[in-house]
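One structure is given below, encoded as structure tokens.
Note that the numbering runs from 1 along the sequence shown for the chain.
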Amino acid sequence: MRDRVPSESTARLRQDAAAELCQAEPAAGSGVIESWDLSVGVDGPGTRFVVFACGCPLRCLYCHNPETWRMRDGRRVTVDEVMTEVDRYRRFISVAGGGVTVSGGEPLLQPRFTGELLRRCHESGLHTALDTSGFLGDRASDALLADTDLVLLDIKSYDPKGYRRLTGASLEPTLRFARRLADLGRPVWVRFVLVPGLTDGVENVDGLARFVATLGNVERVDVLPFHRMAAGKYARLGLTFPLADVRPPDRALLDRVHAQFAAHGVTSV
């Protein structure tokens, strides 16, 4: 793995990220979001109504949603408001075999809002998914997870030093959350962004594949090729995209990584 040292600007952003952990959570029944949108095939099964919560304690070098980093930049909404919007698309997403995904940012930075939204959707018969880094997994109650039909768990690297270089944070909370999800029997799709020079090391991929194979609740690993499509967002926000010089992985690298997961009996797509 290339020894990529975070720039001074990245270091400042990571100090800003740490401050997000000190933000007061909105009052019960409300939250702070950046937006909501419809997606197909990338945020869980079927067509999804995706809520992008604001605030994140990580500053991943490849993040493609920098507009969601800070809670103070979002807009306050009530769960009732979000459910009214969900209801507009309910028939469409149900027929399309989809549901509602709470993403971000990091939705577990607002566990009361996220938990209530998942509960309301789950009780109304909609499939629910939680998209999380797992770094704040300790904030997710068993009740919140019981209302979550699928966890999209981002394991960004299996090498602790590489994980810290990539995100500015510790890997262990995510692994602890993954083990807890396995103990609870909650279905999981692991998401792994393949970044040449950062996450593509043979030992890193093998380590992740071995770990996933021990869990028993992971239905698949989504190997997501790194891309630079968020560079325009960074420019509009006056930010420097840290990985502007990194090229997306080629077919040979993708094939090698999929073969490594397969060798451990892990389904990857």
Asp149, Thr148, Val79 screened by side chain to side chain contact (heavy atoms under 4.5 Å, CB included) with Leu118, the one that passes: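 Filter result, single survivor: Thr148.
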Looking at [X] and [Y], what are the two nearest heavy atoms and their distance?
| X | Y | value |
| --- | --- | --- |
| Ala209 | Gln260 | CB-O, 4.2 Å |
| Pro242 | Asp245 | O-OD1, 4.2 Å |
| Leu253 | Pro196 | CD2-CG, 4.2 Å |
| Pro107 | Thr114 | O-OG1, 2.7 Å |
| Leu152 | Gly44 | CD1-N, 4.1 Å |
| Ala129 | Asp43 | CB-O, 4.3 Å |

So, does [X] use its side chain to make a donor-acceptor pair with the main chain of [Y] at under 3.5 Å?
| X | Y | result |
| --- | --- | --- |
| Thr68 | Gly105 | yes |
| Ser94 | Arg91 | no |
| His264 | Val266 | no |
| Arg228 | Ala244 | yes |
| Glu106 | Ser133 | yes |

Donor on one side chain, acceptor on other, [X] and [Y], under 3.5 Å:
| X | Y | value |
| --- | --- | --- |
| Thr128 | His122 | no |
| Thr267 | Arg220 | no |
| Asp131 | Ser103 | yes |

[X]/[Y] ion pair, N-O < 4.0 Å:
| X | Y | result |
| --- | --- | --- |
| Arg76 | Glu81 | no |
| Arg256 | Asp250 | no |
| Glu123 | Arg119 | yes |
| Asp138 | Arg180 | no |
| Arg70 | Glu20 | no |

Separation between [atom1] of [X] and [atom2] of [Y], rounded to the nearest 0.5 Å:
| X | Y | atom1 | atom2 | answer |
| --- | --- | --- | --- | --- |
| Asp154 | Thr174 | CG | OG1 | 8.5 Å |
| Leu254 | Leu194 | CG | CG | 5.5 Å |
| Arg112 | Leu117 | CZ | CG | 14.5 Å |
| Arg176 | Leu171 | CZ | CG | 10.5 Å |
| Glu67 | Lys233 | CD | NZ | 3.5 Å |
| Arg48 | Leu126 | CZ | CG | 9.0 Å |

Hey, quick one: are [X] and [Y] part of the same hydrophobic cluster, counting side-chain heavy atoms closer than 4.5 Å, chains of contacts allowed?
| X | Y | value |
| --- | --- | --- |
| Val32 | Leu136 | yes |
| Leu150 | Val190 | no |
| Val50 | Phe92 | no |
| Phe52 | Val193 | no |
| Phe177 | Trp189 | no |

Find out whether [X] and [Y] are in side-chain contact, i.e. whether some heavy atom of one side chain is under 4.5 Å from a heavy atom of the other.
| X | Y | value |
| --- | --- | --- |
| Val221 | Val269 | no |
| Ile33 | Trp36 | yes |
| Pro249 | Phe226 | yes |
| His258 | Val223 | yes |
| Val195 | Lys156 | no |
| Leu198 | Tyr62 | no |
| Tyr158 | Leu175 | yes |
| Leu38 | Phe49 | yes |

Arg247 CZ: over 12 foreign heavy atoms closer than 6.0 Å: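 No, CZ of Arg247 has 12 or fewer neighbouring heavy atoms, counting only those of other groups under 6.0 Å.
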Neighbour count above 12 (heavy atom, 6.0 Å) for His64 NE2: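 No.
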Test log, rule side-chain contact (heavy atoms from CB on, under 4.5 Å), inputs Val77 and Val51: CA-CA 11 Å; Val77 295; Val51 179; over 6 Å; no
Intermediate values then yes/no, side-chain contact (heavy atoms from CB on, under 4.5 Å), Arg90 and Ser124: CA-CA 10 Å; Arg90 176 180 295 272; Ser124 71; 3.2 Å; yes
Whether Phe192 and Phe261 hold their rings parallel, tilted or perpendicular, with breakpoints at 30° and 60°: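 Judged by the thresholds at 30° and 60°, the geometry between Phe192 and Phe261 is perpendicular.
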Aromatic ring pairing Tyr234/Trp69, orientation class (parallel under 30°, perpendicular over 60°, tilted between):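 Tyr234 and Trp69: perpendicular rings.
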CA sep, side-chain torsions, deciding dist, call: Leu108, Leu144, side-chain contact (heavy atoms from CB on, under 4.5 Å): CA-CA 10 Å; Leu108 292 180; Leu144 182 155; 4.2 Å; yes
Step-by-step salt bridge (charged side-chain N to carboxylate O under 4.0 Å, His left out) determination, Arg179 to Asp183: CA-CA 6 Å; Arg179 297 185 192 101; Asp183 290 342; over 6 Å; no
By side-chain hydrogen bond (donor to acceptor under 3.5 Å, both in side chains) - contacts of Arg75 (at least two apart):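 By the side-chain hydrogen bond (donor to acceptor under 3.5 Å, both in side chains) rule, Arg75 matches no residue at all.
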Full working for side-chain contact (heavy atoms from CB on, under 4.5 Å) between Asp200 and Val205: CA-CA 7 Å; Asp200 61 339; Val205 176; 5.7 Å; no
side-chain hydrogen bond (donor to acceptor under 3.5 Å, both in side chains) evaluation trace for Ser157 with Asn204: CA-CA 7 Å; Ser157 176; Asn204 184 50; 3.1 Å; yes
